[in-house]
Amino acid sequence: MRTSKFLLSTLKETPAEASIASHQLMLRAGLIRQLASGLYIWLPTGQRVLQKVQNIIREEMDKSGALEINMPVVQPAELWQESGRWEHYGPELCRFNDRKDNNFVLGPTHEEVVTWLSRYEIKSYKQLPINMYQIQTKFRDEVRPRFGVMRGREFVMKDSYSFHLNKESLRETYELMYDTYCRIFDRLGLTYRPVEADTGSIGGSHSHEFQVLADAGEDIIAFSTESDYAANIEMAEAVAPAESRKAPSKALEKISTPNAKTIEEVAKFLNVSEKELCKSLVVHGFNQETGEKELVLLVLRGDHELNEVKAEKVPGIAKPLTMASDEEIKNAFGAAPGSLGPVGFKGRIIVDRTANVCSDFYCGANEDGFHLGGVNWDRDVQNYEVQDLRCVVEGDPSPDGKGTLILKHGIEVGQVFELGTKYSQAMNCTVLNEAGQNIPMEMGCYGIGVTRVIAAAIEQNHDDKGIVWPASMAPFQIAIIPINYNKSEVVRKEADRLYQELTAKGYEVILDDRGERPGVMFADMKLIGVPHSIILGEKSLADGMAEYESRTSDEKVKLPLAEIVANIESQLK
RNA sequence: CGGCGAUUAGCGCAGCCCGGUAGCGCAUCUGGUUUGGGACCAGAGGGUCGCAGGUUCGAACCCUGCAUCGCCGACCA
């Protein structure tokens, strides 16, 4: 490619809307342009990267035996009504009507469509297992699109779906996909970790996420210092403290705490550590026998945070987790949030494992402006349950008993699920087994955020000059930077000759034939992150020399012209 | 969806408080000079000042509403 025939579209200044490195660099390097909130155009440079990532994914998926298909972006609402997700998916699912007033959705994912497909195509266990994938555009009307393509509304995803006669077969393919994903992310040159994950709204029983480690990541991952244990913080278990609760040593007392409402304020006012307080949160729940709505009080130690995913999984707590309104709280407790506590509360109380070993603690008195001190479980509060409710913090013991936990930010670039029969049962997707019985197929699903992978790669690989692509993703492998291309015939001839030679050998080369000043060319090629550069100048050429520069080092190496190609080829191997 | 903020040339911004000729830097185009790390000189083009309404002799500026974009939070295969 010659720059004069290309749309380089680099920017010297950073557009104001971009806050993280990958977003800024994708705009500056001319990879993407924003069309509207969460919607992006992929410019030629970006499209080249996108295609490289897609090709790697496609190669590895094909190698794993998966079959590529292509499903429509637009899907009939009936399928979503069948699966039940028409009601449950919420406003993120973009719905619309066609001219005949039929309901449709823009596909945020394709479980329904692929299940419909299998229902018609798969009749016999002899056709199983089968794994079908596509690389395709998805649309999710995100509440808050941000960080460029990291969380766009429209994005490219590789999604695959496997169908099985039984759980053993599903587990085999799950493992195969897990390994395939490792190979894909290895080839993409990413630093990542597979971690145990929650299954979220897609449902299912068993799941791993593939997390690219980066400070800009929106997820938090817990790792063990001494074992392979790694889990999304949503899933990471806070094990029950080893020490047992101390016996009460103080009497219950009521303390006036004017204007102290938050844990921080109360701790400061009482001049005690936040660990000596317990915080009380009120959420919606329902009676498990009658189904009647009720408020549930969750109690955590003052310095801990509620893990909403864990709370939602407790039977009798509303899903999605909903905090009670101030009015509901006032009616049930006689006090506003900021002065709530378990003492005297008649409803259901769920206590976090760690809060449960607190003794002589402080909590709200259920009277505005007052807290209680010297509170003790059993003595002062009798009817409560104990659950794991909190987010783990650094230093907590690892759930596998080996080492302690550390926390890091991650970008979720892939996830694998064992779905089981959630969709096949709801949508009557069955197969005949050897005994001639119709049974619902076991399903798995496996996704990779293709566009997000690119942002994640840049988060991990950039410097102050621009993107430093992993070799497998770079839009071009080699840049030829001729100084005085438009004036010096010697330079122009050699640049053109090298360009032809390298292109003929199948390398992806960009020749900067704009005749720009050297600094401009150096800056642009670094910004878009071309891994290898050949610099041609009149003086060096007179001595039969050219210069080589790698994107990862600022040093230029002078080499005889005759060796320059062989030198680069050895590095590209 | 809540809180905050922004919207003026392709990009980054000033002008608004205190109403009266719409500006700066970068980018673009022309000519010249220059050519080893985002040059210089001279000139040129480019604006419904987000939209609608109001106040006023007169609104980028004051007032009201709306829209869009962003940030923080909530949310999220």
Side-chain angles (χ1 to χ4, degrees), chain A residues 8-20 23-24 27-28 30 33-39 85 88-93 107-112 138-148 150-153 155 157-161 197-204 207-210 218-219 232 234 306 308-309 312 320-323 325 412-417 419 422-423 444-449 452 465-466 481-488 491 512 514-527 533 535-541 546-547 549 554 556 558:
Chain A
L8 213 46
S9 282
T10 52
L11 304 174
K12 208 188 272 190
E13 287 174 289
T14 303
E17 75 260 19
S19 56
I20 64 169
H23 189 193
Q24 292 174 348
L27 292 166
R28 287 228 292 136
R33 289 289 179 263
Q34 177 168 338
L35 179 64
S37 179
L39 304 177
R85 288 208 288 186
H88 291 126
Y89 212 95
E92 198 179 308
L93 180 63
T109 173
H110 279 71
E111 280 81 12
E112 280 79 1
K138 302 279 185 271
F139 186 87
R140 291 181 192 175
D141 199 356
E142 290 281 350
V143 187
R144 188 180 158 206
R146 65 187 133 172
F147 301 147
M150 191 89 87
R151 180 169 298 283
R153 291 195 290 177
F155 58 99
M157 175 171 167
K158 188 289 298 179
D159 47 329
S160 41
Y161 307 88
D198 180 53
T199 51
S201 73
I202 204 160
S207 177
H208 284 87
E209 287 166 352
F210 289 77
E218 298 179 89
D219 291 351
N232 192 305
E234 293 175 342
L306 177 68
E308 300 195 4
V309 171
E312 270 180 5
L321 190 75
T322 313
M323 291 297 195
S325 67
E412 182 198 338
V413 291
Q415 188 163 12
V416 292
F417 297 85
L419 286 176
K422 174 177 167 169
Y423 294 91
C445 79
Y446 321 91
I448 292 178
R452 187 183 278 181
K465 299 204 175 62
I481 301 176
I483 291 159
N484 257 331
Y485 182 87
N486 53 344
K487 295 276 170 68
S488 163
V491 168
D512 202 334
R514 292 176 294 178
E516 277 286 357
R517 297 172 64 82
V520 174
M521 296 189 283
F522 291 137
D524 272 342
M525 291 305 130
K526 289 216 159 138
L527 179 57
S533 295
I535 300 138
L536 301 172
E538 224 165 14
K539 281 181 217 149
S540 315
L541 283 178
E547 286 154 278
E549 186 176 359
D554 278 333
K556 284 197 281 268
K558 254 195 178 174

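Chain identifiers are assigned alphabetically (A, B, ...) following the order of the sequence lines, protein sequences preceding nucleic acid strands; residue numbering begins at 1 within each chain.
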Whole-angstrom distance between [N] and [M], as gauged at atom [atom1]:
| N | M | atom1 | result |
| --- | --- | --- | --- |
| B:U34 | B:C72 | P | 50 Å |
| B:G47 | B:A60 | C1' | 11 Å |
| B:G38 | B:C61 | C1' | 36 Å |
| B:U64 | B:U30 | P | 48 Å |
| B:U56 | B:C63 | P | 16 Å |
| B:A39 | B:U48 | P | 31 Å |
| B:C66 | B:G25 | P | 39 Å |
| B:C24 | B:C71 | C1' | 27 Å |

Measure from the side-chain heavy atoms of [X] and tell me the nearest of [options].
| X | options | result |
| --- | --- | --- |
| A:R146 | B:C71, B:G38, B:C76 | B:C71 |
| A:K12 | B:A39, B:A27, B:G36 | B:A27 |
| A:N486 | B:C76, B:C71, B:U35 | B:U35 |
| A:A523 | B:G12, B:G38, B:G36 | B:G38 |
| A:I483 | B:C26, B:G36, B:U34 | B:G36 |
| A:E549 | B:G37, B:G38, B:U35 | B:G37 |
| A:E17 | B:G38, B:G70, B:C1 | B:G70 |
| A:S37 | B:C71, B:G70, B:G25 | B:G70 |
| A:A16 | B:C75, B:A39, B:C13 | B:C13 |

Rounded interatomic separation in angstrom, taking [atom1] from [X] and [atom2] from [N]:
| X | N | atom1 | atom2 | result |
| --- | --- | --- | --- | --- |
| A:N484 | B:U34 | CG | P | 11 Å |
| A:L306 | B:G73 | CG | C1' | 15 Å |
| A:E13 | B:C24 | CD | P | 16 Å |
| A:R514 | B:U34 | CZ | P | 21 Å |
| A:L527 | B:C26 | CG | P | 19 Å |
| A:R452 | B:C76 | CZ | P | 14 Å |
| A:R151 | B:C69 | CZ | C1' | 18 Å |
| A:M521 | B:G37 | CE | P | 11 Å |

Describe the nucleic acid contact of [X] in one word from base, sugar-phosphate, nothing, applying a heavy-atom distance below 4.0 Å.
| X | answer |
| --- | --- |
| A:Y446 | nothing |
| A:I481 | nothing |
| A:S9 | nothing |
| A:E209 | nothing |
| A:S488 | nothing |
| A:E547 | base |
| A:D524 | base |
| A:K556 | base |

Within the modelled atom types, does a donor on one side and an acceptor on the other bring the side chain of A:K526 and the base of B:G38 under 3.5 Å apart? no
Could you check whether the side chain of A:E516 and the base of B:G38 have a donor-acceptor pair of N or O atoms closer than 3.5 Å, going by distance alone?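 Answer is no: no donor-acceptor pair is held.
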Any strand: nucleotide that pairs with [N] via Watson-Crick or wobble, under 3.5 Å:
| N | result |
| --- | --- |
| B:U21 | none |
| B:C29 | B:G43 |
| B:C71 | B:G3 |
| B:G58 | none |
| B:C66 | B:G50 |

[X] side-chain N/O to [Y] backbone N/O, donor-acceptor pair under 3.5 Å:
| X | Y | value |
| --- | --- | --- |
| A:R452 | A:E412 | yes |
| A:T10 | A:G30 | no |
| A:E516 | A:M521 | no |

Scan side-chain atoms only and decide if A:E538 and A:S488 contain a donor-acceptor pair under the 3.5 Å cut-off.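 Yes.
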Under-4.0 Å salt bridge between [X] and [Y]:
| X | Y | answer |
| --- | --- | --- |
| A:E218 | A:R146 | yes |
| A:E111 | A:K422 | no |
| A:R514 | A:D524 | yes |
| A:E92 | A:R153 | no |

Over-ring placement of A:K158 relative to A:F210, 6.0 Å and 45° cut-offs: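 Pair A:K158/A:F210 does not count as cation-pi.
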Map A:E308 and A:Q34 onto RNA chain B by nearest heavy atom, then report which one ends up closer to the 5' terminus.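 Per heavy-atom nearest nucleotide, the more 5' residue is A:Q34.
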Which is more 5' along RNA chain B, the nucleotide nearest A:S540 or the one nearest A:M157? Just name the residue. A:S540
